[in-house]
Amino acid sequence: MNWQWFHRLGSPRWFYQKTSVLLPWLTFFTLAILLVGSVWGLAFAPADFKQGNSYRIIFLHVPAAFLSLAGYYVMAIAGAVGLIWRMKLAFVVMRSAAVIGAALTFLALISGAIWGKPTWGSWWVWDARITSMLVLFFLYLGVIALQEAYQSETTANNTSAILTLVGTVNIPIIYKSVDWWFTLHQPATLKLTQASTIHPSMLYPLLTMVVGFYLFYALALILYTRAEILKRECRTKWVAELCGVDVNNKISRA
Amino acid sequence: MRRTDALGVIALTDSLIDVIDLSCKRDQRSLFEGLTHTFCPGDIVQIEGPNGSGKTSLLRILTGVCSDYQGDILWRGQSFSTDRLDYLNHLLYLGHLPGVKKSLTPRENLHWCSGMNSGHLQIPIVDALEEVGLAGFEDTPCHHLSAGQLRRVALARLYLTPTPVWILDEPFTAIDKSGVGKLETLLCEHAAGGGCVIMTTHQELSLEGVDKINLRDYQPKLVQWQQEEWGIDV
Amino acid sequence: MSNTKFYLPAPSAAAGFVAMLNRDLLLSYRHKGELANPLIFFLMVITMVPLGISPDPQFLASLAPGMIWVVALLASLLSMDVLFRSDFDDGSLEQLLISPQPLYFMVLAKVLAHWMVTGLPLTLAAPLLGVMLALPEGGYMPLCLTLLVGTASLSLIGAVGAALTVALRKGGLLLSLIIMPLYIPILIFGASAVSNAIDGFAIMGQLAILGAFAAVAIVLAPIAAAGALRVAING
């Protein structure tokens, strides 16, 4: 089997050039879909007969919550690829995914709290999903903190990749445990989040927003990764050419 | 390349470790490039080079502790990672840190070391400690010992286990003059018996027949623009 | 001239395991003072609870299972930091990594030794603290059983964190940060088993789950810790 494509994937330059072509299109679609979804959801979808207009924050909250968990797996896969094939680009993606994932988890927590105040009458309720989300946030913070703690880049990459993998094994266990803990301590009346049926007039804008968020995630990941690549490869010829430096001009100091 | 007969006897002429086109890169900074050398039984090899040229890194790569390298390292003709434990079983490494527990006695420290290795001792622990001039200190907790004496506890391992490959990082640090002489004799005996010594030192050695590898010769050339760094170490 | 003496037989893994275990237990014995530290911490925090909340026995009784479990978890976590640190500082960790022994068993031996001097004493001290927090009668046996199994998992998971942070000067707080989220399932099942037993429910289910956690941790945690040690010492 020809692994050339896989090795190419590990080349920062190849990644940078390919994404340069992709980027304008991706930006356009992301903005368009997010715009359509949010206008549809905020202005045209009907108000909920029980919660009124306050439910509309789910158009932000639900996609963010989706992405925060999916983002952990993106980070874990990137970490595994980096550890197994020693692909440096994968570590850059992992680092980007950690920061973006933590931000999205935080967004999901904040939007959940804002929604909880009018709905439950409290900013914070120890609901199973909220608690799981909080633990996920802690897991993200741990990976970022470990990455920041090491001076050596290689060690920082490898150790945080191992931590990510350990976290991946644990996430299903933590989620199941928290679910079980919740059913043990709480009567079933509080389960407002489990909207078993959702009217299509609300579902379609929500799905649009979910797709928009996925695209946004990809966009953010690519942008962050590109910035990291430029920083790390600043002494290579192709980056210099990109910045308009005359590479043939002989400078005595390297 | 590996020729062993039914008894597992290895012919003396075979090389122990082959290093092929080895280069070391730590966090974007290249330390040395293109190092090729064959370490044979009977060799005493001194790694030289200015500070920061990667002497310790090279020794750590050869022990397998450090993995920031490209190139091949062969142990008796096979990649040293294929049968890692067999390689480590034939290796003795003394690093910058003596690896001696201060709250244990020299005897207990050496007992642990031999327990971790095959446990087969050439001479009793007491005799080994006597050889390095620590007779009478066998049961003194190591925090009462001086830096040089701690170093000697670690050096006593050289007398204990019959490993062919010795990798020694600055073994003469904190050792007095008579100790240095004794150690040099030991290294010669080891090489004469078919062993191989790879070491770094800033001391002037009075040994004869020492091969030298100067890492200055393998320093990467300064280039104005780096090659693009491919993501995968193939 | 042949050099048969240079073809050494592979050492036995069992002997290596025992040598490692013996050395670590001997080291703990030499530092007897440090042995008591987690226990004293355990006792002191439990003393803070009635002072900070209420000395009412009924109130304390409802708090006891969870409180004892949380504090046991913290005590175990605080003692984790030293697992590989002193070996790293004096170079014996390097020697451990290049010893001809499978690193998996070496890590397991170290964790076992660590558990014998922290997890086990915590388990044995727990009934005493139960008395101080007015733990109802039915809770003592389950408390000891869950702690016995649970602290083993805590030590194993904590070893991964200790390995990941071994090369950091100030790794202690970071270690807690990265490991605490992973402790949550053990806390949930451990504490709830004790509460359930007090309320008269069966606890075999929770015990089985805790046992399963420990079994999975024995298999996976030393692998992760060994890998972490290799990459941490590399830098």
Side-chain angles (χ1 to χ4, degrees), chain A residues 72 76 79-80 82-84 86 91 98 102 105 126 128 131-186, chain C residues 66 153 156-193 195-196 199 201 203 205-206 209-210 212-213 216-217 219-235:
Chain A
Y72 198 91
L83 275 183
I84 295 168
R86 295 210 220 161
F91 286 130
T105 317
W126 287 98
T131 312
S132 301
M133 195 57 74
L134 186 65
V135 176
L136 186 66
F137 186 56
F138 290 154
L139 287 172
Y140 271 122
L141 288 187
V143 173
I144 296 174
L146 189 62
Q147 188 125 49
E148 292 301 316
Y150 275 102
Q151 299 282 313
S152 153
E153 198 180 284
T154 321
T155 318
N157 287 338
N158 287 327
T159 47
S160 49
I162 290 177
L163 180 63
T164 316
L165 292 180
V166 172
T168 314
V169 175
N170 273 278
I171 280 184
I173 300 175
I174 294 173
Y175 271 56
K176 284 284 164 211
S177 313
V178 172
D179 267 352
W180 182 83
W181 159 81
F182 185 63
T183 53
L184 190 74
H185 288 277
Q186 301 287 338
Chain C
S153 310
L156 284 161
I157 297 172
V160 181
L164 284 171
T165 55
V166 67
L168 295 170
R169 278 297 101 200
K170 292 169 185 160
L173 195 57
L174 184 64
L175 166 68
S176 316
L177 202 82
I178 63 177
I179 286 305
M180 244 193 275
L182 308 178
Y183 277 179
I184 288 172
I186 300 164
L187 173 69
I188 288 176
F189 284 100
S192 75
S195 310
N196 275 16
D199 297 340
F201 294 110
I203 58 159
Q206 281 101 308
I209 289 175
L210 282 175
F213 283 161
V216 172
V219 177
L220 294 183
I223 298 176
L229 282 179
R230 282 197 201 287
V231 299
I233 206 162
N234 198 4

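A quick note: this is a predicted structure, and the numbers were derived from the prediction, not measured. In the text below, chain A, chain B and the rest are named by the order of the sequence lines, each starting its count at 1.
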A.B. asks: In terms of heavy-atom contacts, does CG of C:L173 have more than 12 from other residues, nucleotides or ligands at under 6.0 Å?
C.D. replies: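 Result for CG/C:L173: open.
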
A.B. asks: Taking atom OG of A:S177 and atom CG of C:L187, what is their separation to the nearest 0.5 Å?
C.D. replies: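 Atom-to-atom, A:S177:OG and C:L187:CG are 10.0 Å apart.
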
A.B. asks: Nearest 0.5 Å, please: how far is CZ in A:F138 from CG in C:L177?
C.D. replies: 8.5 Å

A.B. asks: Roughly how far, to the nearest 0.5 Å, is the CG atom of A:L165 from the CG atom of C:L220?
C.D. replies: 11.5 Å

A.B. asks: Which atom pair, heavy atoms only, marks the closest approach of C:I188 to A:W181?
C.D. replies: CG2-CB, 3.7 Å

A.B. asks: Please state whether the side chain, the backbone, both or neither of C:L164 comes within less than 4.5 Å of a heavy atom of chain A.
C.D. replies: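 Interface part for C:L164: both.
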
A.B. asks: Counting only non-hydrogen atoms closer than 4.5 Å, does C:L182 touch chain A with its backbone (N, CA, C, O), its side chain (CB onward), both, or neither?
C.D. replies: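 For C:L182, backbone and side chain are both near chain A.
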
A.B. asks: Let me know if A:V178 has heavy atoms under 4.5 Å from chain C in its side chain, its backbone, both or neither.
C.D. replies: both

A.B. asks: Report the distance from atom CG of A:L146 to atom CG of C:L168, rounding to the nearest 0.5 Å.
C.D. replies: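 Here the rounded value is 7.0 Å.
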
A.B. asks: Given the options C:G227, C:P185, C:A228, which has more heavy-atom pairs under 4.5 Å with chain A than any of the others?
C.D. replies: C:P185

A.B. asks: Is A:T159 in contact with chain C via its backbone, its side chain, both, or neither, using a 4.5 Å heavy-atom distance?
C.D. replies: both

A.B. asks: Report which part of C:A167 has an atom under 4.5 Å of a heavy atom belonging to chain A: side chain, backbone, both, or neither.
C.D. replies: both

A.B. asks: Starting at CG of A:N170, measure out to CZ of C:F213 and round the result to the nearest 0.5 Å.
C.D. replies: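 Here the interatomic distance stands at 8.5 Å.
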
A.B. asks: Check C:L174 against A:A145 and note the closest heavy-atom contact, atom names and distance.
C.D. replies: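 Taking C:L174 first and A:A145 second, the nearest heavy atoms are CD1-CB, 3.4 Å.
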
A.B. asks: Between C:F189 and A:W180 (judged by ring centroids, cut-off 6.0 Å), do the two rings come close enough to count as a pair?
C.D. replies: yes

A.B. asks: Could you tell me the separation between the CG atom of A:L139 and the CE atom of C:M180, rounded to the nearest 0.5 Å?
C.D. replies: 12.5 Å

A.B. asks: Which atom pair, heavy atoms only, marks the closest approach of A:G142 to C:I178?
C.D. replies: O-CG2, 3.5 Å

A.B. asks: With sequence neighbours left out, write down each residue that passes side chain to side chain contact (heavy atoms under 4.5 Å, CB included) with A:T105, or none if nothing qualifies.
C.D. replies: A:S68, A:M133, A:L136, A:F137, A:Y140

A.B. asks: Can you pull out every side chain to side chain donor-acceptor pair (under 3.5 Å) where at least one residue sits in residues 160-180 of chain C? Sequence neighbours excluded, please.
C.D. replies: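 Residue pairs passing side chain to side chain donor-acceptor pair (under 3.5 Å), neighbours aside: C:D89-C:R169.
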
